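Every chain is numbered from 1, with letters handed out A, B, ... down the list of sequences. All values below were derived from every heavy atom in this structure, side-chain atoms included, with hydrogens, water molecules and symmetry-related copies excluded. Since we're looking at a predicted model, the values are computed, not measured.
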There are 2 protein chains.
Amino acid sequence: MTADSAVETLSYPAPDVVRDLVERAIARGAMVTLFGPCTVEYEGRAASSLGPGDRHVTLKPDGAALVHTDEGQQPVNWQPPGCDHSVAVADGALVVRSERTTPEEELEITFETVAHAAAFDVSDPEELAVTGTEADLKERVLDAPDLVESGFTPLATERETPAGAVDVYGEDAAGRTVVVELKRRRVGPDAVGQLDRYVEALRRDLHADTEVRGILVAPSVTDRARQLLAEKGLEFVSLEPP
Amino acid sequence: MTADSAVETLSYPAPDVVRDLVERAIARGAMVTLFGPCTVEYEGRAASSLGPGDRHVTLKPDGAALVHTDEGQQPVNWQPPGCDHSVAVADGALVVRSERTTPEEELEITFETVAHAAAFDVSDPEELAVTGTEADLKERVLDAPDLVESGFTPLATERETPAGAVDVYGEDAAGRTVVVELKRRRVGPDAVGQLDRYVEALRRDLHADTEVRGILVAPSVTDRARQLLAEKGLEFVSLEPP
DNA sequence: GGGTGTATTTCGCCG
DNA sequence: CGGCGAAGTACACCC
């Protein structure tokens, strides 16, 4: 992370020269990038084929692989962390392969030419600190339960039910059981379904005479979600992460 | 996409030299990559802070920005396509900013040092061809409806209901309405909820005497999903994409 | 631009 | 390892 970070680069190198650079880089745990005209084949959970074009390829020391075009935030092809990267020269082309098992997946990138190759020694001790998440919204609710409803008392978080864990479990001023489902942003029908599953599971699980209320806490809901809430007899409280 | 792809690179350049390279590259629609020790601040839909460390930064001509560490398939920070990239020198550091509106979002990367900078002219005329998707599974069902059930007749795809569009809508050998929800891979409780919403919506919408069956078509289901299917009186057929 | 659903989602947590 | 749900999810499609 200091100015002595080792960087090795090549411009329009011969295939065997790139191969050696990449092999050495992988061996020492460096990050590799390649750029140039290539084709990409993938087979695994699905299958894909990408004809010739210029792409930017990243091989990470944790085994992840990324193929980026000039468009989009997402890579056009990729491989998750934990893969084995290998590189070879075949018919004058550089072939990069990244494979894994469980599930069996393989990515193969064939460079007609490598326009640029680089190896970076990376040191990154820092963790990303994010705020505005659902966890922050939960803290806000636990710190001030009245934001949900006057008299609401949280009793547990992540309380287990046969349908999964409830975000916040508690009771209202009248002693009725309350299930709170938190969402950090505007929600659609899926979140209502989720809350409903928890409420139904608790109604089954608790004694038949126990009343169970379900409250969706989010900044806002879509029309369809609001209608679903009404149909299911569930409630909504508008609240956002701090 | 040929060997004459223009690539411009710099090793440990002075900040103002990188700034000029980046500005020229952005102006001509090239892709930019930077590597070196930096900090990253984000504020928008959420907010995040990342302390000093080595990262690889990509600025795409469509306005996307990516910040990658040595780990993970996902960027540690990013900006979606459509953002405005700008670069400046402040206190001897290179500051890269990427911003957009609706929603208001800003990403700021401050390089203590730039170890490597590159600009790539990208030409990529090809589209990715993927197989094994839900669309392929749908075709398989439409080509051979008996795979769902002997006597099943598809009548429409993407049929609209008050709860959203049904994947495949049809009728069984007895003339009963059938709603088919397709999933390309093993499914959990959420898919059952989705199917149930469609079935319930159609039961409301059609005449009260119309029987509506719901069939989940996927390679497999989890235990909880299977239980939910039973509770809701829905069915499951095992089928995978070709 | 918002709503809805898919994705080779990825990722983290937990049993 | 699989199940489950969150994510600044991204992305496509339709209104």
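Look at CD on Q74(B): it is 10 Å from P on dG8(D), rounded to the nearest Å. In this structure, CZ of R185(B) is placed 10 Å from C1' of dT10(C), rounded to the nearest angstrom. If you take CD of E99(A) and P of dT8(C), they are 20 Å apart, rounded to a whole angstrom. The distance from atom CD of E139(B) to atom P of dT6(C) is 17 Å, rounded to the nearest whole Å. Rounded to an integer number of Å, the gap from L228(B) CG to dG5(D) P is 10 Å. With rounding to whole Å, E240(B) atom CD is found 16 Å from dT8(C) atom P. Rounded to an integer number of Å, the gap from OH of Y42(B) to P of dA7(D) is 13 Å. Atom-to-atom, CD of E71(A) to P of dC11(D) comes out at 10 Å; the value is rounded to the nearest Å.
Taking the charged nitrogens against the carboxylate oxygens, D84(A) and R100(A) have no contact shorter than 4.0 Å, which rules out a salt bridge. Remark: D70(A) does not engage K60(B) in a salt bridge, criterion side-chain N to carboxylate O under 4.0 Å. For the pair E171(A) and R213(A), the salt-bridge criterion is not met [side-chain N within less than 4.0 Å of a carboxylate O].
At least one side-chain heavy atom of D54(B) sits under 4.5 Å from a side-chain heavy atom of F35(B).
Among dA6(D), dG8(D), dT4(C), the nucleotide with an atom closest to any side-chain atom of R224(A) is dT4(C).
Nearer the 5' end of DNA chain D, as judged by each residue's closest nucleotide, is the contact made by R186(B), out of K183(A) and R186(B). Each of A47(A) and V221(A) was matched to the nucleotide of DNA chain C holding its nearest heavy atom; the match closer to the 5' end belongs to V221(A).
E43(B) contributes no side-chain N or O that forms a donor-acceptor pair with the base of dG8(D) under 3.5 Å.
With P as the reference atom, dC11(C) and dC11(D) are 15 Å apart, rounded to whole Å.
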